[in-house]
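All values derive from a computational prediction rather than experimental measurement. In what follows, residues are counted from 1 in the order of the sequence shown.
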Amino acid sequence: MAAHRGGQRTDERRGGDGAHDESLLTVALAFAANLGIAVAKVVAALITGSASMAAEAAHSIADTFNEVLLLVGLRRSGRPADRRHPLGYGKERYIWTLLVAVAIFGMGALFSYYQGIETLTGHRAAGESGPIVGYAVLAVAFVLEAVSWQQAVRQVRAAAREEDLPLRDYIRRTDEPTSISVLLEDSAALVGLLIAFGGLGLHQLTGSAAWDGVGSLLIGVLLTAVALVLGRINLNLLIGSQADPRIVADVRARLGRADEVEWVVDIVTVTFGADRVLVCARLDFRDSLTAAEVERACVRMAHELRGAHEEIDEVFLEPVPRDDPELRERVIARYGRTLRPRDSGA
């Protein structure tokens with residue numbers, strides 16, 4: 001018997017437009033702030049000759065470029081499904097956000113390491129002039145970054161509350177990496193500004209350029225850490241991660257409670273875009289049911305699952321016998337055991 005395919009839901013029905021607009025606002029605000037900050041830091045780096053300031057200038061240039069990548073990702077991933085891409089373009093957002101991680105490391109961290117090593121090995125001029133200009137630029141940059149950071153924090157916290165998750169768990173589980181990217185970038189920027197301020201100040205107080213070099217190296221370490229975190233998040237999403245465990249447990253429980261179902265043989269969920277989940281389940285139906293009754297049951301259960309969870313976009317339900325040895329081996333290989341009849345997810 002052919003598997004039942006649940007109809008695809010529109011973005012409007014899933015409430016995707018609101019989250020998309022909020023992400024656009026967050027990225028646009030970050031772009032405007034970073035562009036102004038980058039210009040100011042470049043000028044200050046040229047005036048002061050500070051390695052830490054130069055590292056921060058590279059950091060802001062990378063962040064400005066990254067916001068462009070995020071905007072492109074938001075635009076392209078929102079395209080509707082078509083014949084060549086029946087599940088839509090949602091995963092393309094993860095590609096562009098992964099490029100952001102690469103840019104943070106390649107444009108920001110590596111340049112910071114270079115500046116720090118040049119200073120510590122004496123290949124960079126030890127003189128420093130106009131430190132007041134540097135302090136002023138750092139102070140203004142901190143204010144602008146704080147504005148962008150507050151918007152990112154507001155969006156991420158609101159999303160975490162909506163998912164009823166602690167902030168840390170939401171960051172680890174989210175399938176919407178755009179706002180997380182901005183939050184991590186802005187957080188790193190604020191910490192980096194404090195490091196640059198310390199390097200600039202200690203250089204002025206002690207007359208030793210080593211402090212400036214150390215500050216640049218620390219900024220490089222900070223950016224490397226952010227790049228690794230972003231890369232890990234997007235790598236998992238590109239590979240194809242399971243949906244929120246709470247959704248998986250509820251789907252399993254709902255299918256298991258259906259009167260027509262004797263055994264939930266297998267269930268697979270895959271995230272394929274922001275707030276888009278694919279559900280595939282193999283079910284052993286009661287032998288007394290007719291083909292028409294099984295078909296109607298599949299339609300009803302798919303409708304119930306999509307109604308219960310806005311994230312569920314596609315549902316495939318396949319009738320199978322629970323004693324098929326090949327299916328049993330596949331399920332045990334995936335879960336370490338077979339699923340129990342009317343499994344509640346416990």
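Note that the CD1 atom of I233 and the OG atom of S241 stand 11.0 Å from one another [nearest 0.5 Å]. Separation of atoms CG (L69) and CG (L99) is listed at 6.0 Å; rounding is to 0.5 Å. One distance of note links CG of D323 with CG of D284; it measures 7.5 Å at 0.5 Å rounding. The distance from the CG atom of D63 to the CE atom of M107 is 9.5 Å, given to the nearest 0.5 Å. Rounding to the nearest 0.5 Å places CG of L217 at 12.5 Å from CG of L222. If you take CD1 on I132 and CG on L200, they are separated by 9.0 Å, rounding to the nearest 0.5 Å.
Among all heavy-atom pairs drawn from A109 and L223, the shortest one is N-CD1, 3.6 Å. Annotation for S288 and E293: closest pair O-OE1, 4.2 Å, computed over non-hydrogen atoms. Of all heavy-atom pairs between R93 and P177, the closest is CD-CD, 4.4 Å. Taking every heavy atom of both residues into account, L238 and I95 meet most closely at CD2-CD1, 3.7 Å. Annotation for L29 and S148: closest pair CD2-CA, 4.2 Å, computed over non-hydrogen atoms. Nearest heavy-atom pair across R286 and V261 is NH2-O, 4.4 Å.
More than 12 heavy atoms of other residues, nucleotides or ligands lie within 6.0 Å of CG in D82, so this atom counts as buried by the packing criterion. Atom CZ of R157 is surrounded by 12 or fewer heavy atoms from other residues, nucleotides or ligands within 6.0 Å. Within 6.0 Å of CD in E162 there are 12 or fewer heavy atoms belonging to other residues, nucleotides or ligands. In F285, the CZ atom is crowded: over 12 heavy atoms of neighbouring residues, nucleotides or ligands sit closer than 6.0 Å. The number of heavy atoms from other shown groups lying within 6.0 Å of CZ (R79) is above 12.
Under the 4.5 Å side-chain contact rule for hydrophobic residues, W211 and L120 do not share a cluster. At a threshold of 4.5 Å between side-chain heavy atoms, the hydrophobic network of Ile, Leu, Val, Met, Phe, Trp and Tyr places V102 and L110 in two separate groups. With hydrophobic clusters built from ILVMFWY side chains whose heavy atoms lie under 4.5 angstrom apart, L98 does not share a cluster with L228. Both V226 and F105 are assigned to one and the same hydrophobic cluster, defined by single-linkage of ILVMFWY side chains at heavy-atom distances under 4.5 Å. Under the 4.5 Å side-chain heavy-atom criterion for grouping Ile, Leu, Val, Met, Phe, Trp and Tyr, L218 is connected to L190 within one hydrophobic cluster.
Within the structure, salt bridge (Lys or Arg N to Asp or Glu O under 4.0 Å) pairs that include any residue of residues 37-48 comprise K41-E56 (at least two apart or interchain). Sorted by first and then second residue, the pairs that involve residues 75-95 and meet ring-ring contact (aromatic ring centres under 6.0 Å, His included), not counting sequence neighbours, are H85-Y89.
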Check against side-chain contact (heavy atoms from CB on, under 4.5 Å), L193 and E145: CA-CA 9 Å; L193 287 168; E145 290 285 7; 4.0 Å; yes
Walk me through whether L283 and M301 qualify under side-chain contact (heavy atoms from CB on, under 4.5 Å). CA-CA 11 Å; L283 308 173; M301 287 186 289; 3.9 Å; yes
Yes or no on side-chain contact (heavy atoms from CB on, under 4.5 Å) for I180 and Y170, after CA distance, side-chain angles and deciding distance? CA-CA 10 Å; I180 301 300; Y170 172 78; 4.1 Å; yes
Full working for side-chain contact (heavy atoms from CB on, under 4.5 Å) between L165 and D244: CA-CA 11 Å; L165 287 172; D244 188 317; 4.2 Å; yes
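Put simply, the side chain of R252 reaches to within 4.5 Å of the side chain of V248, judged on heavy atoms. Counting only heavy atoms from C-beta outward, the side chains of V156 and V182 never approach each other to under 4.5 Å. Side-chain contact check for L278 versus F316: some heavy-atom pair is nearer than 4.5 Å. When side chains are defined from C-beta on, V277 does not count as touching H309, because their heavy atoms never get closer than 4.5 Å. Contact check for L24 versus L71: side-chain heavy atoms found under the 4.5 Å cut-off. The side-chain heavy atoms of V137 and V43, taken from C-beta on, include no pair separated by under 4.5 Å. With contacts defined as side-chain heavy-atom distances shorter than 4.5 Å, the pair L184/I171 does not qualify. Annotation: side chain of L70 is not in contact with side chain of W96 (no heavy-atom distance under 4.5 Å).
For the side-chain hydrogen bond (donor to acceptor under 3.5 Å, both in side chains) with T26, the lone residue among R154, E67, Q155 that qualifies is Q155.
Checking side-chain atoms of T269 against main-chain N and O of Q242 turns up no donor-acceptor pair under 3.5 Å. A donor-acceptor pair is defined here as one N or O able to donate and one able to accept, closer than 3.5 Å; such a pair exists between the side chain of N66 and the backbone of A62. Remark: the backbone N or O of G220 is paired with a side-chain donor or acceptor of Y113 at under 3.5 angstrom. Counting only distance, with no hydrogens or angles, the side chain of T64 and the backbone of N34 share a donor-acceptor pair below 3.5 Å. For D212 (side chain) and S52 (main-chain N/O), a donor-acceptor pair under 3.5 Å exists by modelled atom type.
Residue I37 shares its hydrophobic cluster (ILVMFWY side chains chained together at separations under 4.5 Å) with V140, L144.
A salt bridge does not link R254 with E304: none of the charged nitrogens is closer than 4.0 Å to a carboxylate oxygen.
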